[in-house]
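What's counted below: heavy atoms across the whole structure, side chains too, no hydrogens, waters or symmetry copies.
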Amino acid sequence: MALPPAPTDEMLRRALTALRGGAAAEGEHLLRQVLAADPSQPDALQLLGLSARTAGRLSEAIDLFRRSLAGRDGQPHVHNNLGNALKAAGEMAEAERHYRIALAQKADYADAALNLGILLIETARFADAQRHLDDAARRFPASAPIAEALAIVRQDVGDGAGAVEAARRATALGPARLTAWHGLGQAEQAAGDFPAAEQAFRKALAIDRRSAPSWAGLSNALRCQLRDAEAETALRQALTINPLDIAAHRNLNAILWEHGKAGEHLASYRDAAARHPNEIGLRLAFAEELLQAGRTDEAERPIAECRALAPDDPHALDLAARLTARRGDAEAALVLHWRAAEAAPASAFVVNLCDTLLRLERADEADAECVRFLKTAPDDQAILSRQLLALRMMGDPRYRELFDPDTMTACLDVAPPDGLDAGTFLERLAAHLRALHTSTTQPIDQTLEGGTQTFGHLFAVDRSPIVGALRAAIQTSVEGFVAGLPDDTRHPFFRRKSPSIRFTGSWSVRLHAHGFHTNHYHPKGWISSAFYVVVPPEADDETARPGWFTFGQSNMALGASDVVERYVKPQPGKLVLFPSYVWHGTVPFTRSAERMTVAFDAAPL
């Protein structure tokens, strides 16, 4: 005859049943009774830790898991759970240590292997993550979640084909898993197969139509197929499900703006903010877009609401500073800028601080802020662009070291593909690009005025032979330019010299009458560009220089030093290259004629 279960075992079983049934209070009460009799009982401690973790009581959960392990170390599942709690608390190194202990204690622990892989991805250790997940996929070939994670990391390291292969394997292993189909949609999207991405996102939505991320993913796939009306509908579905999705708000309002629906522009933010009065993130994004659109008076209310909800939030302080500066009180704005930058020394906050310092002609202080920031982020193009302005305002010789147009810029001929003369190649390229310019006005977050810009990363999303030929020819030209740069390991531009480059963004711009680019720099590149496809005859005027490319002048009207340093005449088939941190723009056209370019940002591979 079997002996009756020990009282402790029986209470643990009842507690576990209660926790699994959603009766957390009852389960925790039973566990605390066990611990009252035996404070070091490891099973009670770890179950209570799981309940605390589920309830969001991270510190308590971490303490309980550690106490459980102190009483019995050989519990790989507790090490794994402790790793999860530590990761949620931001203690990544400790979380990694416990995941690795769990795997050392139980080599066939698939969950711990997956969690370690995800942690490595989230800490941007992509090479380590790929090695680990490749090995995990071999050891756990039936694990759909591990295949999903492997697809993500392969995408992160630029292995598009490998990402698609892993994502397809995940859907085969878990055909009912929404995350598998969503991941396949992302992989196909990144690889440029937008019909396949659309199909994958639709399969995810067939599993759960309440998946806001899959509606947003579907929208991107549709937009890359120039189906903007359907993309708008998909984004509205995403926001109906999750009105706090900032990226969905941003993308929806970009479509509305670019298709002339000014009356609806930013209404989604206003409606969502009214339904969520205590949601600061929504208001921060709303205020940011209002300022970007030049709707300064309307931005005042959401900024005030942000300050009321979180008086010391650095983003709210930065927004208030920019609003104050636009109202003409630079000194008062500066106080707010300092507070924002001190609370969170993020690049955007330091850039805005430097802008106000430059407008106040306090260039030495702006330079000092740039020097301080560049010690930890030496490739930050936005900060380098401000340092460039500060040095020139001061008359500092370091300016010419940072930007020498003779050695850092080029105007090159791009060879057409074999079998085509330059004129035929440019005509065919122009015809192809015109079909991609489907919007009616320029993106609100870009620098062009009087024109349109294609959506997405042109070189990644367009699989046509003509764009593929252009990409290959441009890559050859850029790598030849890079090979001729000086070797200087201390210079912020030259030290990144590499035998190969990758494109971090690419697009086409089409300007019409009075069109131009406002002065700007490129925050996401190392080398930036303009390749001329169509240039109107008006550009031959060497006195007024309509449409000419300019170097040196900012968009802030900083006085006598803030002038154009060099002009470049646009010519079809020519490629202009320059450091991404250098300020540049164009002289406006005065006549109604087409000017079309392809531009890109490149970074070392």
#### Entry: D193 (side chain) donor-acceptor with A196 (main chain) under 3.5 angstrom
yes
### Task
Using the ring-ring contact (aromatic ring centres under 6.0 Å, His included) rule, take W507 and H522 through it: C-alpha gap first, then chi angles, then the decisive distance, then the call.
CA-CA 13 Å; W507 57 94; H522 289 220; 5.8 Å; yes
### Query
Do E594 and R434 sit within salt-bridge range, that is, some charged N less than 4.0 Å from a carboxylate O?
yes
### Task
Before giving the answer on ring-ring contact (aromatic ring centres under 6.0 Å, His included), spell out for F578 and F549 the whole-Å C-alpha distance, their side-chain angles and the decisive distance to 0.1 Å.
CA-CA 11 Å; F578 51 92; F549 199 93; 5.4 Å; yes
### Task
Provide the full list of salt bridge (charged side-chain N to carboxylate O under 4.0 Å, His left out) pairs with a residue in residues 406-427, sequence neighbours left out, each pair given once.
D406-R566, D413-K574
#### Entry: Residue pairs fulfilling salt bridge (charged side-chain N to carboxylate O under 4.0 Å, His left out) with at least one residue in residues 489-505, sequence neighbours excluded
D379-R495, D379-R496, D487-K497
### Task
Can you run down the ring-ring contact (aromatic ring centres under 6.0 Å, His included) pairs that involve residues 523-547, sequence neighbours left out, and say none if there aren't any?
F493-W526
### Message
Within the 4.5 Å heavy-atom criterion, are W215 and F201 side-chain neighbours or not?
### Response
no
### Query
Is there a side-chain contact between F481 and I527 (heavy atoms, below 4.5 Å)?
yes
## Note on the structure
Those residues at least two apart in sequence (or on a different chain) that pass side chain to side chain contact (heavy atoms under 4.5 Å, CB included) with S506 are H457, L458, F459, F600
### Query
Do E565 and R392 come within less than 4.5 Å of each other through their side chains, counting heavy atoms only?
yes
### Partner set under salt bridge (charged side-chain N to carboxylate O under 4.0 Å, His left out) for D245, not counting sequence neighbours
none
### Query
Hey, does the side chain of R545 reach the backbone of K569 with a donor-acceptor pair shorter than 3.5 angstrom?
no
Can I get a per-line list of side-chain donor-acceptor pairs under 3.5 Å for residues 462-470, giving both atom names and the distance, sequence neighbours left out?
unit_1 : atom_1 : unit_2 : atom_2 : d
D462   : OD1    : H432   : NE2    : 3.4
D462   : OD1    : S464   : N      : 2.8
D462   : OD1    : S464   : OG     : 2.6
D462   : OD2    : H432   : NE2    : 2.7
R463   : NE     : G192   : O      : 3.4
R463   : NH2    : A191   : O      : 2.8
S464   : OG     : H432   : NE2    : 3.2
S464   : OG     : V467   : N      : 3.3

### Any Q189 side-chain heavy atom under 4.5 Å of F194 side chain
yes
### Query
Should L384 and C370 count as side-chain neighbours, where that means a heavy-atom distance under 4.5 Å?
no
### S508 backbone acceptor or donor facing T454 side chain under 3.5 Å
yes
### Task
Evaluate the side-chain proximity of L433 to R510: yes if any heavy-atom separation is below 4.5 Å, no if none is.
no
### Message
Quick one, S219 with N251, criterion side-chain hydrogen bond (donor to acceptor under 3.5 Å, both in side chains). Give me CA distance, side-chain angles, the key distance, then yes/no.
### Response
CA-CA 9 Å; S219 172; N251 292 336; over 6 Å; no
### Message
Just so I know, are the side chains of F126 and I121 near enough to count as touching, which here means a heavy-atom distance under 4.5 Å?
### Response
yes
#### Entry: Straight-line distance of L391 CG to Y399 OH, nearest 0.5 Å
9.5 Å
